[in-house]
S.K.: 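Sharing a structure with you now.
Chain letters run A, B, ... following the sequence lines, proteins first and then strands; every chain starts at 1.
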Protein chains: 2
Amino acid sequence: MSTETPKFAFKLKTTDGMARRGEITTPHGTVQTPAFMPVGTQATVKAMYPEQVRELGAEVVLGNTYHLMLRPGAERVARLGGLHKFMNWPHTILTDSGGFQVMSLAQLRKLDEDGVRFQSHIDGQKYHLTPERSVEIQGLLGSDIQMQLDECIKLPSPPEEVRRAMELSLRWAERSRVQFEKMDGPSKGQGLYGIVQGGDVPELRVQSAERLREMPFEGFSVGGLAVGEPQEVMLRMLEVTTPVMPTDKPRYLMGVGTPDDLLESVARGIDQFDCVMPTRAGRHGLAYTRFGKVNLKNARHAEDHRPLDEESDCPATSTYSRAYLHHLVRAGEGLAGMLLTWNNLAYYQFLMKGMRDAIEAGTFEDFRLKTKADWAKGDIDAL
Amino acid sequence: MSTETPKFAFKLKTTDGMARRGEITTPHGTVQTPAFMPVGTQATVKAMYPEQVRELGAEVVLGNTYHLMLRPGAERVARLGGLHKFMNWPHTILTDSGGFQVMSLAQLRKLDEDGVRFQSHIDGQKYHLTPERSVEIQGLLGSDIQMQLDECIKLPSPPEEVRRAMELSLRWAERSRVQFEKMDGPSKGQGLYGIVQGGDVPELRVQSAERLREMPFEGFSVGGLAVGEPQEVMLRMLEVTTPVMPTDKPRYLMGVGTPDDLLESVARGIDQFDCVMPTRAGRHGLAYTRFGKVNLKNARHAEDHRPLDEESDCPATSTYSRAYLHHLVRAGEGLAGMLLTWNNLAYYQFLMKGMRDAIEAGTFEDFRLKTKADWAKGDIDAL
């Protein structure tokens with residue numbers, strides 16, 4: 001038995017149209033793609049035990065560099081043996097660069113060529129996040145799949161502003177790569193992904209992807225989407241971008257999305273996703289099911305003895321009555337968030353497995369239509 | 001195989017000094033005593049899945065009549081098949097009468113001979129809770145072990161006031177029993193407990209217990225303690241009360257207590273306990289362990305890689321580092337409450353099992369001294 005740590009690798013197993021069925025290997029396991037990665041912002045997938053997350057079929061979770069650098073701090077996590085050990089998740093971990101949340105959460109942000117200065121939203125402490133420091137932090141955390149620092153701008157923005165941010169992100173990509181190699185990321189078997197930017201301007205997306213693919217990244221992300229633009233704009237950007245992305249590297253659409261976003265993005269060649277939607281919705285009384293979204297706050301469920309979906313393998317979905325879930329949501333009980341988050345992550349994993357199986361069987365288009373038809377059918381009638 | 005539902009029964013297996021080792025049978029299972037009953041106020045033991053609660057060794061949980069009558073409502077729970085089914089707890093359920101929380105939570109309370117009128121703290125709706133209605137509600141919930149409505153007064157109170165409340169509680173005990181039999185409680189195998197009152201006045205406690213034991217209750221509670229008086233007053237009341245309580249019926253000390261309260265009360269002949277302490281403390285960053293109480297908010301834990309107690313069978317106790325628990329508490333993450341509640345209920349069950357085993361072995365006094373010595377030793381030194 002070899003004790004050598006496996007190195008980052010991607011194997012494209014098969015395709016069905018633009019949809020891809022692959023496998024990522026990292027020092028902490030394999031990840032079957034297309035994959036949905038539950039978000040573990042502060043070193044915890046909210047309201048879930050880590051074993052539960054794994055049992056649902058998730059093989060990778062995401063940690064947020066911005067949150068973790070502020071609290072408990074990257075150096076502290078390193079002293080405690082790294083993020084895997086810290087959060088009891090011995091499987092693959094992907095971290096973002098911190099940039100996105102600096103721009104959405106931090107105070108007194110100031111961005112220049114070097115990086116971004118900001119103050120913590122927790123205690124006002126000052127930080128300077130550069131492409132080099134972001135990779136350094138992700139190295140301290142021990143992340144298997146790391147992201148370059150980029151500038152993600154709001155949409156809509158003027159095209160010249162989109163271009164400026166895209167060009168800056170490319171320069172930061174180069175600096176990130178240098179730092180990643182300085183930190184022996186490749187020899188540790190870790191991966192660093194470059195990020196395609198370019199807003200809603202097709203030509204800029206193509207330019208960004210073309211220039212990025214010249215760099216030796218282990219994978220490529222599509223960033224700066226799902227930031228307020230209509231779904232059709234996002235899908236149009238994918239349609240122009242994925243054809244110029246390497247076929248032998250994984251493709252990760254950052255921060256996306258609804259079940260329909262996932263389905264349509266896989267159809268356009270995306271392999272990895274992350275989104276707070278299933279976890280956040282679960283804490284707000286919303287359940288994702290095969291038949292769409294169910295609002296458990298709604299009084300129609302108050303005396304409904306039926307579970308969300310009796311055919312599900314997830315106990316949260318098949319065992320507890322809607323009446324009970326409704327009661328827990330109305331009463332503000334923590335178990336509401338625990339059960340609905342569990343249900344939602346189970347549904348997201350169920351959807352991804354369905355897609356993977358369909359791509360393997362060469363029936364992805366049938367699966368896509370059937371899944372959308374079920375959503376359109378809507379939830380069961382009220383009692 | 002008999003399909004007959006077992007009826008309420010109590011078997012005193014053995015004693016060791018005043019400490020008693022028994023077994024309660026109800027329509028939903030057996031309960032080994034002395035037993036600690038986790039509190040499931042609003043039809044959920046906060047931050048725990050019901051299967052987890054059972055796996056810890058709990059054989060009975062408590063539901064709060066006041067909360068459940070307000071939301072979701074007793075008639076609604078009955079239409080949904082009863083509380084066991086509603087909350088996915090197929091084991092024994094004990095309910096209180098609602099009286100205690102009416103006095104602590106409800107608005108515009110007005111108590112007279114007939115009962116107590118109040119308004120819901122949720123929406124101001126008016127209710128009238130009488131001894132009869134309390135038993136009726138508990139019957140609708142399908143509770144296995146029911147409590148009579150009583151008047152629980154604050155301590156200290158003037159002796160004449162303590163006597164008045166005690167006398168009223170005895171009259172309400174009779175009315176409760178009539179209603180319980182009218183509702184076929186005994187033939188359904190359910191139990192109704194009378195409640196000893198009498199504040200901090202030994203003579204009144206004895207009078208209350210003597211008059212109550214003339215009534216055909218399935219068990220007897222000691223109420224109106226742990227309401228602010230010193231522990232020694234509470235223990236003194238037990239010392240005068242338990243000797244005049246029937247030996248062939250279970251004895252339940254309501255709303256108690258700390259681990260030390262449990263140990264000292266078992267030493268004085270108590271069989272059942274309930275308390276929000278382990279669950280509430282868990283949501284406030286406090287852990288109970290063999291070596292006392294640990295405040296995970298404390299900065300001393302920030303880089304402590306050690307678990308709370310590596311010898312525990314509970315994953316929350318033995319798997320997660322203090323540093324991680326500290327981080328979760330500081331970050332306000334739900335997983336903090338989930339893990340610490342789990343730890344605390346595990347410790348309470350561990351303590352009760354230790355007491356049961358010691359009584360069986362005739363070594364309860366040794367166990368009591370050893371347990372107190374461990375608490376006195378205190379938590380492990382900081383790293």
S.K.: Let me know if A:Ala43 has heavy atoms under 4.5 Å from chain B in its side chain, its backbone, both or neither.
M.R.: both
S.K.: Could you please state which residues from residues 77-93 of chain A sit under 4.5 angstrom from chain B, measuring non-hydrogen atom to non-hydrogen atom, sorted by number, or 'none'?
M.R.: A:Arg79, A:Leu80, A:Phe86, A:Met87, A:Asn88
S.K.: Identify which part of B:Ile122 has an atom lying under 4.5 Å from any heavy atom of chain A, answering side chain, backbone, both or neither.
M.R.: neither
S.K.: Please determine, among A:Gly337, A:Gly334, A:Ser321, A:Ala323, the option with the most heavy-atom pairs under 4.5 Å with chain B.
M.R.: A:Ala323
S.K.: Count the heavy atoms of every other residue, nucleotide or ligand shown that sit under 6.0 Å from NE2 of A:His284, and state whether that count exceeds 12.
M.R.: no
S.K.: Please give me the minimum heavy-atom distance between A:Tyr49 and B:Ala47, naming the atom from each residue.
M.R.: OH-O, 4.1 Å
S.K.: Where is the tightest heavy-atom contact between A:Arg330 and B:Arg71, given as atom of each residue plus distance?
M.R.: O-NH1, 3.4 Å
S.K.: If you draw a 6.0 Å radius around CZ in A:Arg76, do more than 12 non-hydrogen atoms from other residues or ligands fall strictly inside?
M.R.: yes
S.K.: If you count heavy-atom pairs under 4.5 Å with chain A, which of B:Glu51, B:Met48, B:His326 comes out on top?
M.R.: B:Met48
S.K.: How about B:Arg54: does its CZ atom have over 12 heavy atoms from other parts shown lying under 6.0 Å from it?
M.R.: yes
S.K.: Heavy-atom pairs under 4.5 Å with chain B: which of A:His67, A:Arg283, A:Gln52 has the most?
M.R.: A:Gln52
S.K.: Measure B:Glu333 against the heavy atoms of chain A and call it side chain, backbone, both or neither at under 4.5 Å.
M.R.: side chain
S.K.: Give, as side chain, backbone, both or neither, the part of B:Ala302 having an atom under 4.5 angstrom from any heavy atom of chain A.
M.R.: both
S.K.: NZ of B:Lys46 to CE of A:Met338: how many Å apart, nearest 0.5 Å?
M.R.: 12.0 Å
S.K.: Report the distance from atom NE2 of B:His327 to atom CG of A:Leu68, rounding to the nearest 0.5 Å.
M.R.: 6.0 Å
S.K.: Using a cut-off of 6.0 Å, state whether more than 12 heavy atoms not belonging to B:Lys188 lie near its atom NZ.
M.R.: yes
